[in-house]
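Since the structure is predicted, the reported quantities are computational estimates derived from the model, not experimental observations. First listed ligand is number 1; within each ligand, the first listed atom is number 1.
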Amino acid sequence: MSFADLGLIPELLKAVADAGYTEPTPIQRQAIPTVIAGHDVMGGAQTGTGKTAGFTLPLLHRIARHANTSTSPARHATRALILAPTRELAMQVYESVKTYSKHLPLRSICVYGGVDIKPQQAELRRGIEVVIATPGRLLDHVEQKSINLSQVEVLVLDEADRMLDMGFIPDIKRILALLPANRQSLLFSATFSDEIKKLADQMLKNPQLIEVARRNMVSETITHRVHPVSSGMKRNLLAHLLRHQPDTQALVFVDTKLACGRLAHFLERHGISADAIHGDKGQQQRTETLEAFKSGKLRVLVATDVAARGIDIDELPYVINFELPHTAEDYVAPIGRTGRAGHQGNAVSLVCAEESTASPRSRS
Ligand code: AMP
């Protein structure tokens with residue numbers, strides 16, 4: 001199957017060819033015709049699946065009829081709004097929009113907080129068809145009347161689960177209230193918690209569900225094992241398991257930042273090279289630790305699952321839950337990092353008696 005088979009207009013096909021893509025990815029194969037047909041979409045996909053082109057291309061296709069070279073701001077009403085949780089993600093989407101719209105006279109902008117608002121305002125007032133924004137800064141522009149959302153035809157909420165984690169849901173709801181009711185809406189999220197489903201109910205009309213190889217689907221190539229062990233013996237059992245598989249690397253999940261550092265020290269003292277990664281470590285330090293792990297210099301990475309979110313490691317054979325996660329989703333999400341792409345993986349959980357009755361604790 002080619003991009004032309006998906007029904008995209010020639011200007012977009014040309015941009016895709018310029019980008020060097022020959023074949024659509026699975027999410028693109030599903031999302032592009034669905035969005036072109038005008039449906040709302042609930043998409044389960046993570047970065048790396050081609051998700052961005054999956055919504056950007058058909059979005060541009062839908063609004064291409066508004067493309068024009070007039071200098072009048074009135075001829076450049078905002079037709080598409082893409083919300084992303086962070087400046088980096090917003091910029092990535094913006095780069096895609098620019099890449100794919102290069103043969104169409106459509107204007108686009110990326111607006112995010114933490115920088116001077118004035119240049120953004122000046123640009124927005126010229127009229128811009130595609131606005132990519134972080135939620136807070138978009139609302140600043142709404143308040144300052146530098147943007148009018150009354151003609152938005154397509155809304156995209158990217159990485160909705162991260163929006164939720166970052167506390168953006170009230171902002172999103174305020175933005176939804178400013179958009180025309182008869183718009184098309186697309187929501188993308190790596191996970192579907194109850195809260196995301198609630199948001200989807202409010203935001204989407206008869207959505208088509210599109211899912212591709214979600215990482216929080218437990219892969220069939222993973223062997224699952226649970227070791228019952230008293231809490232005091234867990235560290236020793238872990239060291240024992242690692243010693244018995246001297247050539248494997250392991251990602252170990254623990255509940256707290258404190259436990260993270262302590263366990264890494266314990267393993268080091270027992271001759272197993274290990275380091276910890278958690279939210280209190282600086283970005284630079286986290287990057288270095290991660291690089292050491294990826295390059296194989298470091299054998300064991302101990303992490304809180306929040307810090308480990310987004311860790312992308314291929315062919316990781318061993319994922320160990322030092323504590324049993326409290327929800328099924330927490331269980332499968334980290335395990336999804338092993339056994340990908342047909343590789344064999346092992347998932348091990350160390351469970352003590354207290355944990356089968358303990359009340360849920362939140363992870364830090
Ligand atoms: P994304 O999941 O949207 O972050 O995209 C991941 C990477 O895949 C990006 O670097 C894209 O440029 C690239 N990509 C997207 N679609 C295709 C495709 N059909 N063929 C090859 N690469 C692609």
Side-chain angles (χ1 to χ4, degrees), residues 1-36 41-64 80-104 108 110 112 130-134 154-163 165-166 185-192 196 208-217 219 287 290 294 309-315 333 336-337 340-341:
M1 167 165 309
S2 71
F3 279 96
D5 299 329
L6 298 175
L8 291 166
I9 55 172
E11 291 88 339
L12 294 169
L13 292 176
K14 190 154 185 282
V16 165
D18 293 346
Y21 305 162
T22 49
E23 239 188 280
T25 66
I27 186 135
Q28 291 164 359
R29 279 202 289 275
Q30 294 182 63
I32 292 172
T34 309
V35 177
I36 287 180
V41 165
M42 170 113 168
Q46 294 192 337
T47 313
T49 53
K51 170 191 67 168
T52 318
F55 65 75
T56 304
L57 286 167
L59 173 149
L60 292 169
H61 178 106
R62 295 276 301 172
I63 64 164
L81 175 64
I82 305 173
L83 296 172
T86 64
R87 167 188 176 151
E88 288 74 20
L89 278 162
M91 278 306 291
Q92 276 175 31
V93 175
Y94 175 57
E95 293 302 329
S96 294
V97 169
K98 276 202 305 195
T99 302
Y100 306 130
S101 64
K102 69 184 205 189
H103 300 298
L104 288 164
S108 56
C110 185
Y112 43 78
V130 185
V131 174
I132 300 109
T134 52
V154 191
L155 166 73
V156 181
L157 200 62
D158 196 14
E159 310 243 345
D161 45 356
R162 285 186 67 188
M163 299 256 198
D165 289 347
M166 294 171 75
S185 307
L186 322 175
L187 181 152
F188 289 89
S189 185
T191 55
F192 292 117
I196 295 288
Q208 307 279 309
L209 191 66
I210 293 178
E211 283 181 280
V212 294
R214 277 169 52 189
R215 284 189 205 168
N216 61 349
M217 242 156 45
S219 161
T287 309
L290 205 53
K294 283 186 184 175
R309 218 169 260 185
I311 291 184
D312 197 357
I313 299 155
D314 291 329
E315 302 180 46
R337 294 194 177 82
R340 289 221 306 271

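- Contact atoms of ligand 1 toward T49: 2 (O) (distance under 4.0 Å to a heavy atom of the residue).
- In terms of polar-atom proximity, G50 is counted as a contact of ligand 1, with an N or O under 3.5 Å from an N or O of the ligand.
- Here F3 has side-chain heavy atoms under 4.0 Å from ligand 1, and that is the only part of it that gets that close.
- I132 is not listed as a side-chain neighbour of D158, based on a closest heavy-atom distance of 4.5 Å or more.
- At least one protein heavy atom sits closer than 4.0 Å to atom 1 (P) of ligand 1.
- Between the side chain of Q28 and the main chain of G50, a donor-acceptor pair closer than 3.5 Å is present.
- For atom 21 (C) of ligand 1, the nearest protein heavy atom is under 4.0 Å away.
- In this structure, E211 and Q30 have side chains that are not in contact, with every pair of non-hydrogen atoms separated by 4.5 Å or more.
- Residue, atom and distance of the protein heavy atom nearest to atom 15 (C) of ligand 1 are Q28 NE2, 3.5 Å.
- Closest non-hydrogen pair, I27 versus A45, comes out as CD1-CB, 3.2 Å.
- Within a 4.0 Å radius of atom 9 (C) of ligand 1, the protein has no heavy atom.
- Here E23 has backbone heavy atoms under 4.0 Å from ligand 1, and that is the only part of it that gets that close.
- Of the protein's non-hydrogen atoms, Y21 CG, 3.5 Å is the one closest to atom 18 (C) of ligand 1.
- When each of T52, V131, V97, L89 is tested with I82 by the rule side-chain contact (heavy atoms from CB on, under 4.5 Å), just one qualifies, namely V97.
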For side-chain contact (heavy atoms from CB on, under 4.5 Å), just list the numbers for L6 and M1, CA-CA rounded to whole Å, side-chain angles, deciding distance to a tenth of an Å, and then say yes or no. CA-CA 8 Å; L6 298 175; M1 167 165 309; 3.5 Å; yes
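- Put simply, the side chain of F55 reaches to within 4.5 Å of the side chain of V93, judged on heavy atoms.
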Should L8 and Y100 be marked as a side-chain contact (heavy atoms from CB on, under 4.5 Å) after you check the CA-CA gap, both sets of side-chain angles, and the distance that decides it? CA-CA 11 Å; L8 291 166; Y100 306 130; over 6 Å; no
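- Within the 4.0 angstrom cut-off, atom 5 (O) of ligand 1 has one or more protein heavy-atom neighbours.
- Residue contact check: T52 has heavy atoms under 4.0 Å from atoms 1 (P), 3 (O), 4 (O) of ligand 1.
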